[in-house]
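Start at 1 and go down the list; that is how both ligands and their atoms are numbered. On a predicted model such as this, the values are computed, not experimentally measured, just so you know.
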Amino acid sequence: MRFKGPAHEPTHPLALRAAVPAERTVDAFVEEFLENLNYVQGVALPRSTINDQYLALAMTVRRYLMTDWMNTARRRRGAPSKMVGYLSAEYLLGRQLGNSLLAADLYDIAREAMNQCGISIDALRAQEVEPGLGNGGLGRLAACFVDSLATLDVPSIGYGIRYEYGMFRQTFVDGRQVERPDSWLFLGSPWEFPLPDRAVEIHFGGHTESTTQDGQEITRWLPAWNVQAIPYQLMVPGYRNGVANTLRLWSARATREFDLHIFNSGDYEEAVRAQTFAENITKVLYPEDSTPQGKELRLQQQYFFVAASLKDYIEQTLPDDFDLHNLPDQIIWQLNDTHPVIAIPELMRLLVDEYGLPWEEAWDITSRCFAYTCHTLLPEALEVWSVDILGRLLPRHLEIIYRINDEFLESVRERFPGDEDRVRRMSIIQENPRAVRMAYLATVVGTKVNGVAELHSQLLRDKVLPDFSEMWPEKFTNVTNGITPRRFLRLSNGRLSDLITETIGEGWETDLERLRELEPYADDAAFRQRFRDVKEANKHRLRDLLITRDNFALPQGQMIDVMVKRLHEYKRQMLKLLHIVTLYEGLSTGRLTPEQVTPRTFVFGAKAAPGYFMAKEIIALINAVGKTINADDRFNEILTVAFPANYNVTLAEKLIPAADLSEQISLAGKEASGTGNMKFALNGALTIGTDDGANVEIRQLVGDDNFFLFGMSEPEVAALGEQGYVPRSFYEGNDDLRRAIDLIASGAFTDRDGSKAWTVVGDLLNNDRFMVLADYASYIEAQGRVDAAYADYESWTRSAILNVARCGFFSSDRSMHDYMARIWGIGQG
Ligand code: 26W
């Protein structure tokens, strides 16, 4: 029951005070800024540090956005309509200041206001530490999606975890990755609003007790311990539409303060144990992005945030007298991969145990409240939770999952009588080891299951969940990923944005298909020159950054060939490295003359999961090859390798606009979609890629002539796998490949000690699970086409312009429209 007092009367004369927008003038902005600096930060301008100034500016922008936030909430309360609850364990938000200034259309006012205070707004933007609350693709996609939901004014709320330490900071020591904690909160985080008085209690462990009351079986969960979930709210501003949605991130805190008695008995450590134990739950993000470790703390994190979110929504957002039978008309919960799937048995528990609904009614509600997005194709990335861990941590939920599975398998037996093998295959509970298959649970209960690119969604139907798509073909759909053009074009590539606006006018930021109007300009030599000038200027900006950030001098006049993404063998950074070594070997032996090689700078950006041994070996080898080549002044004009450490959203915003070539070279059938591929194409880089993930749709839209396709298709990969793949035969069958591998194996890049490279080389020759050697020849041939195309700079620029013009489809706004139409059943405003 929410507290009500005279202050809460909507008619109270001061109720609408906050709805009064702040004055949008430089003077008013300066005034507001100094208010925050002097009275919130508590320092006078002359004595203020850059961090003081940054925090004060952030609070000033917050002030302007607050009006939108409150108006949006009031408008939504006034006209309740079906909303989206986006449940994601990760949000890779990136820096907030620039994006908020852009969304509120305050950039020019703020820049002038800061100038008047003798402050550079760019210096303040550089002060912000990005909230790295995600690993990679999945987390960044969630951030793009909430940006689009606000820009499309879709009633929605994002729920997640406020990790105290986000994605680790990567440094290189002798070329090897070293992880450091990401203390992103240390200098303050002005974009979040803590709401300790809206804390909810979350329970764990213990056991269940069942009794029968008037013939009805009643089960009670008697948990052993609990923690507090504290919500921290962040505004998600729409793009210049007066809308701001909410992102609610949960932080764990001990229910009981430290124990004074134990403390007074002198056992200080024991006195605070409960506290540290509780706070551990949201202490740090798990840095794995493909191989779950199955750690209990990870399940604690998952249950903690979904239980807090469901409870918060039902108790705080729904009207007190709300009939829970209508829940599916009020909200659809989108499950961002399997990580939040424990929300399903949690809703069943709330409805049956807490609200006393009969199982059947609870099932009817729950089975209309969720939808599941799968983001992977790697079997090892599909989470399974052992019944031991699940039974120990969440005994009631395991019971509920068992019952859901029993009833499900009954329906399978009815549908496929006598096919016990199918029953075993489809069971949510796998045997040996006994564990719960979270993807199966999500598929059985979810209203819809979608992949994130056409090819991916087809492979989900045909290879990952074939039995389920046979049973429920209508349940399976596709929504190809997208990216927000606000951050990844308007904000990070101002020069190109200005050229676009000058050419086709305003408005494309929220209607990206309008970029099509650029097509005719591909044939306009003057426009092409301007387009090239933009790319050159972006390269210059990158050069300045890498000097200060990484003390790395990026040479002029070389093609910028970029591969930035998590380090994973299926993404095949090793194929890129073999190309580089092939060129170096050829030049070193004179087999290739400098004239034959297009001068290139190869830029890598990649973090490896700390426990992923081979990925860390590959990073070390890339740095070793880079060091050798960069130190070889015979070819400095031709070959350069850059591997700036700590690739994150902020570095991506500077790298992507400067790129000429985008490397999307995963083994066909392994990359669910990719979103970096979309960002590069939208910023005028050409793609060299396989027919994998969303590359297929990028190629279809930009045209074969404007895309460098190579490699096996997914069916060819499957066929080669079937017939038995012998990587060594490709090594023996290709001289360039053999020479490149032999050069690495000789220790030429690792202090003449071949053993240092053997882990990687040995695996390539004996395993090569992702068929790097099989696709080598086709890749090198394609790189030859890249060289030829790059030599004809006018046609290269023409292709680059057509890539930009034809990538409107890859806006996350379009993805949201697809979710609304195909999955959420929400009108498209
Ligand atoms: C350790 C458990 C785990 C497993 C999978 C953590 C995180 C994951 C993510 C699903 C991995 C991920 O980020 N997948 C990427 O999702 C992007 C957004 O849909 C896709 O574009 C990428 O292709 C996919 O690899």
Side-chain angles (χ1 to χ4, degrees), residues 86-92 132-145 160-161 163 167 284-295 297-299 301-302 334-342 372-385 437-439 442 449-457 459-460 464 478-484 488 564-572 606-612 615 649 652 664-680 689-690 692-698 770 810 812 815 818-819:
Y86 201 79
L87 291 171
S88 179
E90 303 183 18
Y91 290 92
L92 206 38
L133 307 179
N135 275 280
L138 170 138
R140 182 56 236 179
L141 187 84
C144 285
F145 279 8
I161 302 173
Y163 301 101
M167 187 63 194
V284 64
L285 166 79
Y286 270 84
E288 277 84 33
D289 84 327
S290 62
T291 331
Q293 306 298 307
K295 293 276 185 319
L297 181 61
R298 168 104 173 160
L299 180 58
Q301 290 186 337
Q302 295 179 350
Q334 191 63 38
L335 303 168
N336 200 20
D337 214 89
T338 54
H339 315 151
V341 168
I342 196 72
Y372 160 53
T373 302
C374 174
H375 295 267
T376 187
L377 281 164
L378 301 179
E380 69 265 28
L382 296 174
E383 290 183 305
V384 293
W385 285 108
R437 298 190 266 215
M438 301 309 270
V449 175
N450 76 286
V452 289
E454 292 288 358
L455 174 62
H456 176 228
S457 298
L459 292 172
L460 273 186
V464 183
N478 173 61
V479 176
T480 297
N481 280 165
I483 57 167
T484 171
F488 290 108
V564 288
K565 50 191 72 225
R566 286 297 297 260
L567 206 295
H568 199 290
E569 291 164 278
Y570 84 81
K571 294 173 184 283
R572 303 203 294 189
K607 288 179 178 177
Y612 191 171
V649 175
Q664 309 298 334
I665 61 176
S666 53
L667 179 64
K670 301 303 177 191
E671 188 70 82
S673 163
T675 44
N677 46 9
M678 300 165 184
K679 293 161 189 167
F680 280 101
T690 51
D692 194 19
N695 292 0
V696 176
E697 292 154 79
I698 292 174
F770 299 104
F810 298 108
S812 45
S815 303
D818 289 349
Y819 274 94

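Taking all heavy atoms of E383, H375, K295 into account, the minimum distance to atom 15 (C) of ligand 1 is reached by H375. For atom 3 (C) of ligand 1, the nearest non-hydrogen atom from the set H339, R566, K565 comes from H339. Taking all heavy atoms of L138, L382, L92 into account, the minimum distance to atom 12 (C) of ligand 1 is reached by L138.
Near G674, meaning under 4.0 Å from one of its heavy atoms, ligand 1 places the atoms 20 (C), 21 (O), 22 (C), 23 (O). Atom numbering of ligand 1 starts at 1 in the shown order; those under 4.0 Å from a heavy atom of Y570 are 25 (O). Counting the atoms of ligand 1 from 1 in the order shown, those under 4.0 Å from a heavy atom of A672 are 23 (O).
Using a distance-only test at 3.5 Å, with no hydrogens or angles considered, a donor-acceptor pair links the side chain of N135 to the main chain of Y286. Between the side chain of S666 and the backbone N or O of K571, no donor-acceptor pair lies under 3.5 Å. Using a distance-only test at 3.5 Å, with no hydrogens or angles considered, a donor-acceptor pair links the side chain of N478 to the main chain of A453. A donor-acceptor pair is defined here as one N or O able to donate and one able to accept, closer than 3.5 Å; no such pair exists between the side chain of D818 and the backbone of V479. Between the side chain of S88 and the backbone N or O of G160, no donor-acceptor pair lies under 3.5 Å.
With a 4.0 Å heavy-atom cut-off, ligand 1 is reached by no atom of R140. Residue N481 touches ligand 1 through its side chain alone, judged by heavy-atom distances below 4.0 Å. Of the heavy atoms in R298, only side-chain atoms (C-beta onward) come closer than 4.0 Å to ligand 1.
Summarising the geometry of E454 relative to T480, their closest heavy-atom pair is N-OG1, 3.8 Å, with the distance given to 0.1 Å.
N135 does not count as a contact of ligand 1, since none of its heavy atoms falls under 4.0 Å from the ligand. Residue contact check for ligand 1: G693 places no non-hydrogen atom closer than 4.0 Å to it. Within the 4.0 Å heavy-atom shell around ligand 1 one finds V452.
No side-chain donor-acceptor contact under 3.5 Å links Q664 and E671.
The side chain to side chain contact (heavy atoms under 4.5 Å, CB included) test with K670 singles out one residue from L377, T690, L378, and that residue is L378.
Ion pairing of R298 with E288 is absent here, as no side-chain N (NZ or NE/NH1/NH2) approaches a carboxylate O to less than 4.0 Å.
Residue-to-ligand polar distances place E671 within reach of ligand 1: an N/O pair is separated by less than 3.5 Å.
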